[in-house]
Amino acid sequence: MGSTFGGINMISRSLTAHQIAQNTVGHNISNADTVGYSRQIVNMLAMTPAGEEYGRYGSNKVGTGVIVGSIVRARDFFTDKQYWKESANLGYLQSANYIYGKVELTFQEPSETGIQSVLNSFWTSWQNLGTNASSYEYRAAVAQKGVAVANAINVAAGQLIDQVEVINDSLTSNVETVNRLTESIEKLNQQIAYIEAGGHNHANDLRDSRDLLVDELSKYFTLSVTEDAKGKYTITAATENAGDITLVDADGSYQLGIKDTETDPDFGYQLVYVTHSSGAVLTFTNGEMQALVDLRDTATAGIHDSLSKLSAISQYLLQEFNEVHKTGFGMDDESGRNFFGESGIDYMNETMTLGEWIQALKVNSEITKSDGSGYAYIAAKTATNVAAVSSVVSNLGEGYPSITTDGAYSGGTVPTDVLLRVGDVDAATGEVTSLQYSLDDGDTWVSATPSVGNTFTFNEFDVDVTVDTSTMTNAAVNNKYSFTLGLGNYYDGQITTGRADGSTNAGSGNLVVTTSGGYTGESTSSDILLKIDSLDSDGNIVGLKYSENGGTTWYEVVGNSSDPLSFIVKGVEVKLDISDLHNSQVGDRYEFSIAEGSSAGSVSDAPSNEGDGVLTVDTATGTYTGGAVATNVLLEVTSTGLVYSIDGGKKWDTVPSGGAGPFEVAGIEITLDITGMSGAEVGDRYSLSVTAGNNALGDNALLLGNSLKDDASSTLGNMSLDSFYAALIGALGVKSQDSQRLETNQQAVIDQLYNMRQDVSGVSTEEELVDMIRFQKGYNSAARVLTAMDEMLDKLINGTGVVGR
Amino acid sequence: MRVTNNMMFYNYQSDLNKAMERRYDAMSLMDGDGSALHKPSDDPIKVVRSLRYSVSMERNLQYSQNVEDAQSWMENSDGYLQSLSEIMITIKGKVVQASDGTNSQEAIQAIGAEVDELINQIVDSLGNAQIGGRYLFAGHNDTTKPFVREGDTITYYGDDGKISMPIAPGEANPGEDSVNLTGEEIFGKDLQILKDLIEIKNHLLSGTTEDVAWLSNVGLNKVDAAHTKTLQAHAAMGARMTMYEMSATMLTESNTIITEDWSRNDDVNVTKALLDFTNADNVLTAALQMGALVLPSSLVDFI
């Protein structure tokens, strides 16, 4: 039988229980938005019955009300474990995506500023050079576009290496975060074990905090979490190389460390690794940190991969592109220069790390010299401009034979060139003793018949030709002269030294006279005397005078606007060519006569160097400074070697090294190959002309363009540069896209798990409000019962025992 | 299944976010450069194709440029060869005039002086003609004045190099893609034509009966031969010009095709993008309305 006031006790417990339940509703509603909060549930239990009430059928148990059995959190450990496992994967993919995004940004493809368009415009600049190879503007463009290519690749590589530093920093701070998290978890482990020392787990809010920390931790690695009997978590992270490593266990937490002493062997940047407390480097199976390491170090994806590809491009440009450039010649006719890199390095035989290839990629500083002179070194052509040397009319001795003819030319309208050759010379007197002639340019020679004095005769085309050699002095065997037989009226152009006293002129060389116009002097010839009147300080002839009357009256040669060295005598315009005269002195005189000429015409020297063989230009290098006009170089054999003249024979300079050179003409350094000459004699002359060179040849520029677009290379995986780059971008895109897709999928998995967790642990305000009403009603009802009980006791106490009063 | 507040808000928020993302994507397709491709992962295959198209386009534009340069070069050359032909005809006329036996020696000599001037014109105005600072008829030696006349000697400082203006990938192939005529191609080996003209001029300047005979027999033949030779050079250039014109047409056509393909590959389909955007916008609006309607309602409003 229960006590009189037992009911009040019971109601009091009921009120307390409902109050606790209402407080929990309040707690739940208050924390509805708290991250990691699990809703709490008050488990109410009926009290163990206290007394017995004997009834008809024996004793009955009388209920004694309610008691709060436990307050637990609604939590599904299984879902948590799943969440913690999947979270690492999401962490990996998010990190990977972030880095892929950065790498993609680095390449900026497709756009008009990416490496592809820089490569395109580099190619274009070569094409333009190919068709305008002699232009400095297009050369400058090639150099600048080359700089742009080198910059684009170096900037991209630099950005990728910056990204490595970001990754290293992230790893360091991640490790700090992880260590802080594991420490906190360890502390919570201790607190929870302390609070739950009694047995059942009721450290609800502490557990929520701990689970939240594990949530955070779970994106760094694949976690496996177990709970021991004391409620402590043991957390391990899965690694590839060290099995499951313990981060937290019942005894404490284990700190991860950082190893930052290594550098990348290929690119030299610092490598930060995550290490175990033992110091061993860890490779995790998943999670944010492993994503960072993977995208930094993996050879087939991410930053290292992209850098390797850039390095391959750099290596290709430094090796094979340079090889093509080296086979070509610059405007100065030098070959073997590098376009990229530095001069003098044979990149084909260089061993460099991947990073060094990228660093070495720059346009050769010789080409980009600030004064622009290096643009000439760009090798646009595959052939040099070696000047050809030709023999020069240069008979030994002076004077010409004089020709007289008799008879009508029967050779028709076509004139015939006659070549004369000195066959023999009397050593004592110097007189010509034998003369030959040829009508076929020297293939066959016929001896002319010696006649009186030093004359020789022959008859061809019905013309009797008399050759008077007495006008010649010091003639040498094989001296050749030519004249033309034919119809027509010619003027005699032979020159003699015109000194009255018979002394010789100071200067040497031939004065060449050409005449035009009709001679009005009838059959009498006119002797014209010329004299050098004045010289300038360099020895150039600046004044000439002529006389028609043997030197009595002198007239200045004033010429006309088109030819300053001309004058008119008896209807004949006489033009003087003094280019062959050299070392002339004032007073040097020359004499010639004009008359109605013979059909034999004038005699001129025929090519007749004594020596055989050829004189060739071995090398001619340098940049021509003579502008658009060619410079003629005259070479003459002297007793000590070769001398050269660039002013037509006025001033002579010695060719060094016994005639091989080098000597410099208008910026071009010339060396001669004299080994092909034989039997050369003093006075033999050769000429060559020096010009800016055959710089319009742009075939090598086109080859260089091809090597940018079409040529496959083993350095580039047997692809062309464009294909290689497209493949690089394509692979990057596929990997990044793949990673984005996986992230989306993984996010869906995580969302699903989140919902599953919320399904169990989440606070529903509706539900709580219902509970609130429920517990309120319960409380109110209990209070009502208490009132009834109070009334009952009041009746008992105050209303009984007054009968009969 | 319990539906809890956070779940509702979380899901609503993530759905709303997705709807906004879709709308943003649809919008970003339409803004800016009209290109649907902004990074490799947007569509790797299309991006690679886009790179290929950019290479093809660059080639096409460059070869078109080469064709233009080549045409300009050859049209210029053509003009000068036309003038050369006219001068040849003039010289022939002069020679015919001089050799018809009705002229005095002085008159013939005067003609000789005219021909001399015409030779100067051939050498200076035609032979040394330039385009953009480059001598047209100097072979590869195009920055050196190719023809220098000193008296009766005319020296050629050019070479026999052909200038290639390629219209297709590969090495320079002067047999197919060269655009220039060299001095020797126009004036013959060793500038024989010019030598002949000088000889004719000398005969004219002399002007005797024998000279007239020579002119009518040999001189006229030489002028004709010279004219024929220059016409041959002219005709060869004409054929090359026709080829380049065909290439120009071809390149223009392929330019159109590449442009179309490239734009089809890269560009946003505006109609589709607009529809996508409208759709995404509607979804977002609906989601917002739904959120506004559903989320605020709670039991708390009724107790």
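Order of the sequence lines sets the chain letters (A, B, ...), proteins ahead of strands, with each chain counted from 1.
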Results of side-chain contact (heavy atoms from CB on, under 4.5 Å) for B:Asn17 - residues two or more places apart only: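 B:Asn17: no side-chain contact (heavy atoms from CB on, under 4.5 Å) contacts found.
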Which atoms of A:Val763 approach chain B - backbone, side chain, both or neither, heavy atom under 4.5 Å: backbone
Under 4.5 Å from any heavy atom of chain B - which part of A:Leu697: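 A:Leu697 touches chain B through backbone and side-chain heavy atoms alike.
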Step-by-step side-chain contact (heavy atoms from CB on, under 4.5 Å) determination, A:Trp123 to B:Arg59: CA-CA 9 Å; A:Trp123 174 81; B:Arg59 277 177 195 262; 3.7 Å; yes
Best-contacting candidate, [options], against chain A by heavy atom pairs under 4.5 angstrom:
{"options": "B:Lys162, B:Lys145, B:Gln65", "value": "B:Lys145"}
{"options": "B:Gly139, B:Ser54, B:Gly161", "value": "B:Ser54"}
{"options": "B:Val47, B:Asn120, B:Asp69", "value": "B:Val47"}
{"options": "B:Val55, B:Val48, B:Ile163", "value": "B:Val55"}
{"options": "B:Pro44, B:Ser216, B:Ser14, B:Ala113", "value": "B:Pro44"}
{"options": "B:Ser164, B:Gly170, B:Pro169", "value": "B:Gly170"}

Close aromatic pair by centroid cut-off 6.0 Å: B:Trp73 and B:Phe137: no
Structural part of B:Lys18 lying under 4.5 Å from a heavy atom of chain A: side chain
Which atoms of B:Phe9 approach chain A - backbone, side chain, both or neither, heavy atom under 4.5 Å: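 Answer is neither: B:Phe9 stays 4.5 Å or more from chain A.
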Euclidean distance, [Y] [atom2] relative to [X] [atom1], rounded to 0.5 Å:
{"X": "B:Ser56", "Y": "B:Trp262", "atom1": "OG", "atom2": "CH2", "result": "9.0 Å"}
{"X": "A:Asn97", "Y": "A:Arg741", "atom1": "CG", "atom2": "CZ", "result": "11.0 Å"}
{"X": "B:Glu58", "Y": "A:Ser117", "atom1": "CD", "atom2": "OG", "result": "8.5 Å"}

Exceeds 12 heavy-atom contacts within 6.0 angstrom, atom CD1 of A:Ile773: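 Enclosed: over 12 neighbouring heavy atoms sit under 6.0 Å from CD1 of A:Ile773.
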